[in-house]
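Single-structure report; data block below.
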Amino acid sequence: MNLKALITDRLEAGLARAGVPDADAIVGPATRPEFGDYQANGAMAAAKRAGVKPRDLAARIIADSDLAGIASSSEVTGPGFISLRLDDDFLAGALGETIEPVGRGTRVVIDYSHPNLAKEMQVHHLRSTIIGDATARVLEALGYDVVRQNHVGDWGTGFGRLVAHLNDTGEDSEALGDLERFYTQASGRFETDPAFADRARQVVVDLQGGDSETLERWRRYIDISMSHCQAVYDRLGVSLRPEHVRGESAYNDDLDDIVADLSAKGLLTEDEGALCAFLDEFKGKDGNVVPIIVKKSDGGYLYHSTDLAAVRYRTGTLRAERLLYIVDARQSLHFRQLFALAREAGYDRGVSLEHHAFGMMLGADGRPFKTREGSGTRLLDFLDEATERARELVQAKNPSLGAAEMDRVARAVGIGAVKYADLSKNRTGDYVFDWHAMMSFEGNTAPYLQYAYARIRSLFERGGVDAGSLSGTPTIREPEEHALALQLARFQETLEQVASTVMPHHLCTYLYDLASAFMRFYENCPVLDSDVRDDRLLLCRHTAETLSQGLDLLGIETVERM
RNA sequence: GCGCCCGUAGCUCAACUGGACAGAGCAUCGGCCUUCUAAGCCGGCGGUUGAAGGUUCGAGUCCUUCCGGGCGCGCCA
């Protein structure tokens with residue numbers, strides 16, 4: 001049940017009956033406890049429109065709204081706010097509801113992670129991978145038909161440089177670390193050696209032209225790269241799999257057609273030998289238009305063309321109704337251009353094209369993040385460090401865990417802390433990554449949430465109670481029980497909020513508030529040694545289930561003990 | 001030069017997209033363990049939301065200008 005939507009419906013019906021149809025009730029959680037559980041702010045704006053007194057209208061809305069069985073009290077407060085307190089039995093009855101499949105099979109494509117050929121995954125791949133994965137999980141839980149697309153950078157000049165360099169030196173390797181080193185060398189030569197650059201471009205032409213020997217070599221390097229990426233995904237607990245890979249190369253055969261089609265639609269102009277689209281909306285105050293180059297003067301293609309083909313594939317062949325791109329903020333101009341040109345060409349088919357940008361990960365010193373050694377930004381090193389730090393901390397707090405269990409806990413806490421530190425930030429700008437803060441086990445961190453879960457599980461273990469054996473609807477008596485049940489009832493609306501905004505931090509905030517509500521309940525309401533034990537155990541059970549499910553949707557594991 | 005993003009407590013971040021006295025955590029100060037994990041809970045301190053105008057019943061949020069920081073801008077992706 002979407003609590004906010006339910007209250008909104010009831011109040012807007014009341015608004016209509018009060019003579020102000022088509023007005024927004026503006027419902028949300030109350031900003032302060034003394035204002036109840038939920039509040040509606042729409043009466044003031046509506047009263048302005050209708051030319052009546054805000055408080056009078058608010059009173060009429062309350063009188064005309066069907067809130068029976070939902071709110072235990074409703075009153076006009078301040079200049080015209082409507083303050084609602086929700087009914088205890090209503091909240092209790094909502095416990096244990098499953099997630100409502102509001103997605104109804106709507107197909108959504110999520111483009112995320114997109115590592116590059118012949119390069120190890122770096123720390124900067126983390127944000128796209130983690131945010132994209134959490135988004136995919138949440139949308140899926142809501143009943144959307146999610147199509148994950150790992151748009152791997154497996155095509156173009158990078159490969160040409162690498163192969164041209166290996167041709168020159170006679171070197172080769174099956175190890176990704178070696179390939180990456182060769183790649184770095186090749187990139188250096190590409191900048192300084194024009195003859196080499198020409199050979200590199202020729203390799204790309206061979207590749208894109210379908211030369212079998214070049215293609216075979218390319219496939220070998222792809223396999224080496226992608227098996228590395230899959231290992232990282234598995235280690236991270238990310239749901240991407242080989243079948244989600246559809247890299248730039250997948251669109252190679254479409255590129256000529258894209259250009260022909262754009263040309264037929266009159267969107268292209270030849271400029272300095274390259275085929276460009278000049279769209280008015282990219283004209284600055286100085287009168288210059290930033291061009292979109294879809295075909296280079298040497299006949300090669302760029303990522304604009306590939307991405308256009310991908311849009312056409314996703315809206316056409318895949319019939320997606322929404323396209324999400326989880327890509328860093330530096331690509332903003334590219335996506336504005338891409339979406340604009342896709343619309344001009346009709347490739348968007350009227351669906352929503354959305355670039356969800358994010359900033360860089362910075363170290364505590366405000367500079368781009370580095371691992372403990374200060375040397376590199378290899379993702380695997382980073383994950384090793386996270387797990388090791390978690391192990392040290394957990395070991396210090398709880399030395400009684402056995403080796404195997406300690407491994408599981410260290411992984412869940414270390415990887416969980418890293419993911420949560422990222423997911424809990426809203427900023428589209430850069431964010432500061434701090435090992436101490438995210439692993440301190442205090443405040444809004446994954447370990448705090450995992451601890452809250454483990455604490456509940458411990459309660460069941462100590463009481464010798466099987467959580468699954470409990471049934472029925474609890475009676476709510478104490479304020480802490482009410483607050484906990486209220487927070488539990490907000491799960492659905494939180495998930496829908498994440499789905500619409502693609503901001504997983506709303507789910508993080510929700511889970512932190514839930515864990516906090518539980519901790520207050522736990523301090524004030526004895527569970528096991530209580531004559532309302534089963535009622536409270538039911539609240540505990542639903543809290544544990546929601547924490548676990550919510551963390552799972554973020555891609556974070558829970559443990560029974562820690 | 002043109003363009004995009006960001007400035008909120010000492011630090012790291014919220015504020016449900018225009019609503020009530022801007023909230024948490026860390027740090028700091030002070031309470032609470034013979035009872036379910038103190039990795040916790042309760043309280044104190046801490047703010048002219050970068051600045052100035054504007055829009056309106058109401059602005060951290062919207063519009064303008066300025067200051068400060070980051071990023072991008074035709075054949076890399």
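Each chain gets a letter, A, B and so on, in the order its sequence line appears, and its residues count up from 1. Since this is a predicted model, take the numbers as computed values, not measurements.
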Show me the donor-acceptor pairs, under 3.5 Å and distance only, between side chains in residues 516-524 of chain A and residues at least two apart or in other chains.
from, atom 1, to, atom 2, distance (Å)
Ser516(A), OG, Tyr512(A), O, 2.8
Asn524(A), ND2, Arg520(A), O, 2.8

Using the P atom in both, what is the distance from rA14(B) to rA9(B), to the nearest Å? 13 Å
Which residues share a ring-ring contact (aromatic ring centres under 6.0 Å, His included) with His356(A), sequence neighbours left out: none
Picking from Asp254(A), Asp256(A), Thr306(A), what satisfies side chain to side chain donor-acceptor pair (under 3.5 Å) with Tyr301(A)? Asp256(A)
Arg336(A) CZ to rG74(B) C1', straight-line distance once rounded to whole Å: 16 Å
Could you go through residues 498-505 of chain A and list every donor-acceptor pair under 3.5 Å that involves a side-chain atom there, pairing it with any protein atom two or more places apart or in another chain?
from, atom 1, to, atom 2, distance (Å)
Ser500(A), OG, Glu496(A), O, 3.3
Ser500(A), OG, Gln497(A), O, 3.2
Thr501(A), OG1, Gln497(A), O, 2.7
Thr501(A), OG1, Met503(A), N, 3.3

How far does the C1' atom of rC13(B) sit from the matching atom of rG60(B), given to the nearest Å? 14 Å
Starting from C1' on rA77(B), measure out to CG on Asp111(A) and report it in whole angstrom. 13 Å
Choosing from rC4(B), rC41(B), rU12(B), which nucleotide comes nearest the side chain of Tyr448(A)? rC41(B)
Has Arg462(A) got a side-chain N or O lying under 4.0 Å from the OP1 or OP2 atom of rU37(B)? yes
Apply ring-ring contact (aromatic ring centres under 6.0 Å, His included) to His355(A) and list each qualifying residue two or more places apart in sequence or on a separate chain. Phe335(A)
CD of Glu523(A) versus P of rG43(B): gap in Å, rounded? 12 Å
Do other residues, nucleotides or ligands put more than 12 heavy atoms under 6.0 Å from Asp529(A) CG? no
Measure the shortest side-chain to side-chain distance between Arg533(A) and Leu528(A) over non-hydrogen atoms and say whether it is less than 4.5 angstrom. yes
Quantified in whole Å, what is the C1' atom distance between nucleotide rG70(B) and nucleotide rC33(B)? 48 Å
Between rA77(B) atom C1' and Arg330(A) atom CZ, what is the distance in whole Å? 11 Å
For nucleotides 61-65 of chain B, tabulate all protein N/O to nucleotide N/O atom pairs closer than 3.5 Å, reporting atom names and distance.
none

How far, in whole Å, is rC21(B) from rU49(B) if one measures between their C1' atoms? 15 Å
Round to the nearest Å and state the distance from Arg391(A) atom CZ to rA39(B) atom P. 21 Å
Separation of rC4(B) C1' from Leu338(A) CG (nearest whole Å): 16 Å
Starting from the 5' end of RNA chain B, give me the residue, Arg520(A) or Pro447(A), whose nearest nucleotide shows up first. Pro447(A)
If only side-chain N and O atoms of Ser458(A) are considered, is one of them under 4.0 Å from the OP1 or OP2 phosphate oxygen of rU37(B)? yes
What does Glu272(A) touch in the nucleic acid at a heavy-atom separation under 4.0 angstrom: a base, only the sugar-phosphate, or nothing? base
Considering only the C1' atoms, how many Å lie between rA59(B) and rU8(B), rounded to the nearest integer? 14 Å
From CG of Asn524(A) over to C1' of rU35(B), roughly how many Å is that when rounded to an integer? 14 Å
Test ring pair (Phe, Tyr, Trp, His ring centres under 6.0 Å), reference Trp155(A), set Trp218(A), Tyr251(A), Tyr221(A), output is Trp218(A)
Only one of Asp328(A), Ile326(A), Asp422(A), Val327(A) passes side-chain contact (heavy atoms from CB on, under 4.5 Å) with Arg127(A), and that residue is Asp422(A)
For a quick check, with a 4.0 angstrom heavy-atom cut-off, what is the B/S/- contact string for nucleotides 15-27 of chain B, read 5' to 3'? SBS-BBB-SSSS-
Has the side chain of Tyr303(A) got a donor or acceptor that lies under 3.5 Å from a partner of the other kind on the base of rA77(B)? yes
